[in-house]
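A quick write-up on the structure given underneath.
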There are 2 protein chains.
Amino acid sequence: MRRKQPTIHEVAARAGVGLGTVSRVLNNHPAVRPETRARVLRAMEELGYTPNPHARRIAGGRSYTVSVLLPFVATEFYRRLLEGIEGVLLEKRYDLALFPILSQARLRRYLESSTLAYLTDGLILASYDLTEHFEEGRLPTDRPVVLVDAKNPRYDSVYLDNRLGGRLAGEYLARFPGAIFAIKVEEEPDKAFRHTVFSERLAGFREALEEAGRPFPEDHLYVTRLSQEGGRLALRHFLEKASPPLNVFAGADQVALGVLEEAERLGLAVGREVRVLGFDGHPFAEEVGLSTIAQPVEAMGARAAQLLLERMQGYAGPPREVRFEPLLVERTSTLTPGPAPYVP
Amino acid sequence: MRRKQPTIHEVAARAGVGLGTVSRVLNNHPAVRPETRARVLRAMEELGYTPNPHARRIAGGRSYTVSVLLPFVATEFYRRLLEGIEGVLLEKRYDLALFPILSQARLRRYLESSTLAYLTDGLILASYDLTEHFEEGRLPTDRPVVLVDAKNPRYDSVYLDNRLGGRLAGEYLARFPGAIFAIKVEEEPDKAFRHTVFSERLAGFREALEEAGRPFPEDHLYVTRLSQEGGRLALRHFLEKASPPLNVFAGADQVALGVLEEAERLGLAVGREVRVLGFDGHPFAEEVGLSTIAQPVEAMGARAAQLLLERMQGYAGPPREVRFEPLLVERTSTLTPGPAPYVP
DNA sequence: ATGGCGTGTGGAAGCGCTTCATGGAAACTT
DNA sequence: AAGTTTCCATGAAGCGCTTCCACACGCCAT
């Protein structure tokens, strides 16, 4: 029935070495001659050997497995984040277990009861807001934890300065003539999902506009779910308030894409009559020439993984905060073809 | 740090029994005298003993973990399904690992990976259509597999009789005066997602109408994606074809919701001028008074988990098919306030 | 030569559990 | 009374790994 996995013994036999040597190769112990190491690695390869994490955990107290908990897996943001995390962890021969966990209740249940949580040497949590749902923002686990796309005074956190991103957007759009609009992506407070990033972006945006002396009336804001559809509706709404040129800060690339679509459908000149600025720096933004406030998502993932590695290796200092800065990427969706931009 | 956990040895010593006896208590083995069992349990209690799951896995050659593979995690249908599965499995002290897997390619990759070998005693696959993408509909795994919301002659399957649901809808709506319309949710053939359920519902619906002697012209059908928006557009489309009263079989609750919204927006009397029947039995259907063909999704999940448990315990009989029947739930969205329904 | 040292390597011991051959005692048989 | 069966219970063996002691070997200094 169950196809038996090869064990360390078979690897040892095939490579013509002892048990201990194979184990030493697995654990990157320095005292192995390079040729021997190579021979062992080849034997592993040939046998399709993977170490049994449960056995490692039992024998060595470590499993070389890291759990990544995130609300979704199918979105671009998390894909990029995982890419960054994987890059660092796989190189150190760690395994990854992914857990898409949508609700805080489930998050708690997972941490408290799951054997898998128990198996894991460390945890990376993406986008969860712990302060509200866990007492003192403390998770029921004694494993090292790193948060990413979130902040918490108890754990190492890696996050983007979304407010700064909003400011960049505001400062940039303030340079153009025409009315200024913004779209805010709705946040669902009961879901664990990236609680406040959209509010922070908007707050920074408002700040920058104020400092630039450009008014931002309340009805120039449109609130919608994270969808292209939302962007389309928003543009139609904006066109009732003012006539072109319009400058739209879409709050998220996906929404910005909807704005672009609708603009084209209405025959408006993108980049002059309608200027659109996204937020995220998704791959498709480049394809369609969308200007955007880009997040270094892969780098954030990689940094989170590094912090976790340090913790798993015993580092016990106080929680660290790593703040990443977004970057304005200018493309055709805001570039006026023709006359130079107006600067008030 | 972590205070050292007591082990089976300490429990045995304290209870004054042998190792094996403690193990048998842990595994609910019948051959233990009740007094002995009680003594052991008390010793465990007093020591605060919990078995080390990794040791169990390693010694027993089992992982006590079940993987659930599904296309999405964030929809109501899968939430309910998981609830049913979890209920059964957690009680038997099994762990759950969730894998949202959208494409068949990824499904194959997962099945062939070694994570599976160590992490999983059994698999529950939801909504995948294997026949097209896997040779002979056979999966590359030697673990027991149960399918849910799908059918396949090689594996135990748990599914809803969608055709019957369609029939119920048809028979029911045929009793009302006014034109009959239906919405069919589009199926995306490249995605693995619930391939044919919507077609089956429609087929049953058509059958029933025919038997009832009620015509169903081809242009009374509207095809759309699974969204509220789709329902809204559908109703507008239907109103061009006939004037109220209208009877709409929406094919899915989410779509039905859009129909209701649009009807209200247009000032039509829901339940008399426009009658709407959904499909699914989502929680919000009750809230808004939507009549619907309800699926016992939790029960389906629970049944699937039970079938899998039996397989994991060694049952080796031929594949079993468990067919669930939907249930018509009548609410205000089809209840004519006032005159009794017209029966032709 | 002799000793001392560092570098690689082998394999026994042990992690906490399950399984299984073994056997004692009590309950049935003939 | 002796044999047979059933019921409980024991503890050694083993799961796949890490760790660590032991040892072989080459190299250098004396």
Side-chain angles (χ1 to χ4, degrees), chain A residues 2-41 43-44 47-65 93-95 115 118-119 121 312-313, chain B residues 2-41 43-44 47-65 93 114 117-119 121 312-314:
Chain A
R2 174 150 320 195
R3 198 184 59 245
K4 194 158 162 349
Q5 290 283 319
T7 74
I8 211 179
H9 289 95
E10 284 141 67
V11 174
R14 179 162 196 127
V17 300
L19 277 181
T21 303
V22 177
S23 179
R24 255 169 271 137
V25 170
L26 278 178
N27 295 287
N28 285 320
H29 193 101
V32 180
R33 221 179 339 147
E35 306 98 270
T36 316
R37 174 184 304 278
R39 226 174 42 249
V40 171
L41 288 174
M44 289 181 179
L47 290 169
Y49 169 82
T50 356
N52 181 325
H54 299 295
R56 301 184 96 180
R57 176 106 224 157
I58 254 233
R62 259 167 311 167
S63 65
Y64 293 90
T65 307
R93 312 180 116 260
Y94 272 82
D95 262 349
T115 319
Y118 208 60
L119 172 72
D121 291 341
M312 292 189 301
Q313 278 153 20
Chain B
R2 176 178 293 269
R3 202 187 66 243
K4 197 167 160 344
Q5 292 282 323
T7 74
I8 210 178
H9 289 93
E10 284 142 65
V11 175
R14 179 166 197 124
V17 300
L19 278 180
T21 304
V22 178
S23 179
R24 256 171 287 131
V25 170
L26 279 178
N27 295 288
N28 287 318
H29 194 101
V32 180
R33 219 178 340 147
E35 308 97 271
T36 315
R37 175 184 304 277
R39 223 170 50 245
V40 171
L41 287 175
M44 287 180 178
L47 291 169
Y49 169 81
T50 7
N52 179 322
H54 308 301
R56 304 186 85 182
R57 277 149 215 252
I58 242 228
R62 257 168 307 164
S63 70
Y64 294 94
T65 305
R93 311 177 113 260
S114 65
Y118 293 121
L119 221 56
D121 289 340
M312 291 190 301
Q313 277 154 22

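Note that these values count all heavy atoms, side chains included, but never hydrogens, waters or copies made by symmetry. Note that the structure is predicted; figures quoted are calculated from it, not measured. Naming convention: chains lettered A, B, ... in sequence-line order (proteins, then strands); numbering from 1 in each chain.
- Rounding to the nearest 0.5 Å places CG of B:Leu47 at 5.0 Å from CZ of B:Arg14.
- Aromatic ring pairs are classed by plane angle as parallel below 30°, tilted from 30° to 60° and perpendicular above 60°; the pair A:Tyr118 and B:His54 is parallel.
- Among the nucleotides D:dT18, D:dA9, C:dG10, the one closest to the side chain of A:Leu26 is D:dT18.
- Taking atom NE2 of residue B:His54 and atom P of nucleotide D:dG14, one finds them 25 Å apart after rounding to whole Å.
- No engagement by B:Val22 is indicated, since no non-hydrogen atom pair under 4.0 Å with the nucleic acid exists.
- Within the structure, every side-chain polar atom (N or O) of A:Arg24 is placed at least 4.0 Å from both OP1 and OP2 of D:dT18.
- In this structure, B:Tyr64 does not reach the C:dT18 phosphate: none of its side-chain N or O atoms is under 4.0 Å from OP1 or OP2.
- In this structure the side chain of A:Asn52 never reaches within 4.5 angstrom of the side chain of B:Arg57, judged on heavy atoms.
- Residues A:Val40 and A:Arg37 have side chains not in contact (no heavy-atom distance under 4.5 Å, counting atoms from C-beta outward).
- Atom CZ of B:Arg37 and atom P of D:dC7 are 15 Å apart (whole Å).
- Distance from the side chain of B:Thr36 is smallest to D:dA9 among D:dT19, D:dA9, C:dT9.
- To the nearest angstrom, C1' of C:dA12 lies 14 Å from CD1 of A:Ile8.
- Counting only heavy atoms from C-beta on, A:His9 has its side chain closest to D:dC17 among D:dT19, D:dC17, C:dG16.
- The A:Ala55 side chain lies nearest to D:dG16 when the options are C:dC17, D:dG16, C:dG11.
- Comparing C:dT19, C:dC15, D:dT18 by their closest approach to the side chain of A:Asn27 singles out D:dT18.
- A close approach under 4.0 Å does occur between a side-chain nitrogen or oxygen of B:Arg62 and OP1 or OP2 of C:dT19.
- Counting non-hydrogen atoms under 4.0 angstrom, B:Gly60 reaches the backbone sugars and phosphates but no base.
- Between the CZ atom of B:Arg39 and the P atom of D:dA9 there is a distance of 8 Å, rounded to whole Å.
- Side chains of B:Asn27 and B:Arg56: a donor-acceptor N/O pair is present below 3.5 angstrom, by distance only.
- Contact annotation: B:Thr7 side-chain N/O to C:dG16 OP1/OP2 distance is not under 4.0 Å.
- To the nearest angstrom, P of C:dT9 lies 8 Å from CD of A:Glu35.
- Of the candidate nucleotides C:dT9, D:dC17, C:dG16, C:dT9 has the atom lying nearest to any side-chain atom of A:Thr21.
- Taking CD1 of B:Ile58 as the start and OG of B:Ser63 as the end, the distance is 12.5 Å to the nearest 0.5 Å.
- In this model, the phosphate group of C:dT18 is approached by a side-chain N or O of B:Arg56 to a distance below 4.0 Å at OP1 or OP2.
- Residue B:Gly18 is the one, among B:Ala59 and B:Gly18, whose nearest nucleotide of DNA chain D lies closer to the 5' end (criterion: closest heavy atom).
- When the P atom of D:dC15 is taken as reference, atom CG of A:Asn52 falls 13 Å away, rounded to whole Å.
- C:dA21 atom C1' lies 15 Å from atom CG of B:Leu19, rounded to whole Å.
- Side-chain atoms of B:Arg57 stay outside donor-acceptor range of the base of C:dG16, with no qualifying N/O pair under 3.5 Å.
- A straight line from CG of B:Leu47 to C1' of C:dG16 spans 15 Å, rounded to a whole angstrom.
- Taking every side-chain heavy atom of B:Ile58 into account, C:dG16 is the closest of C:dT18, C:dT9, C:dG16.
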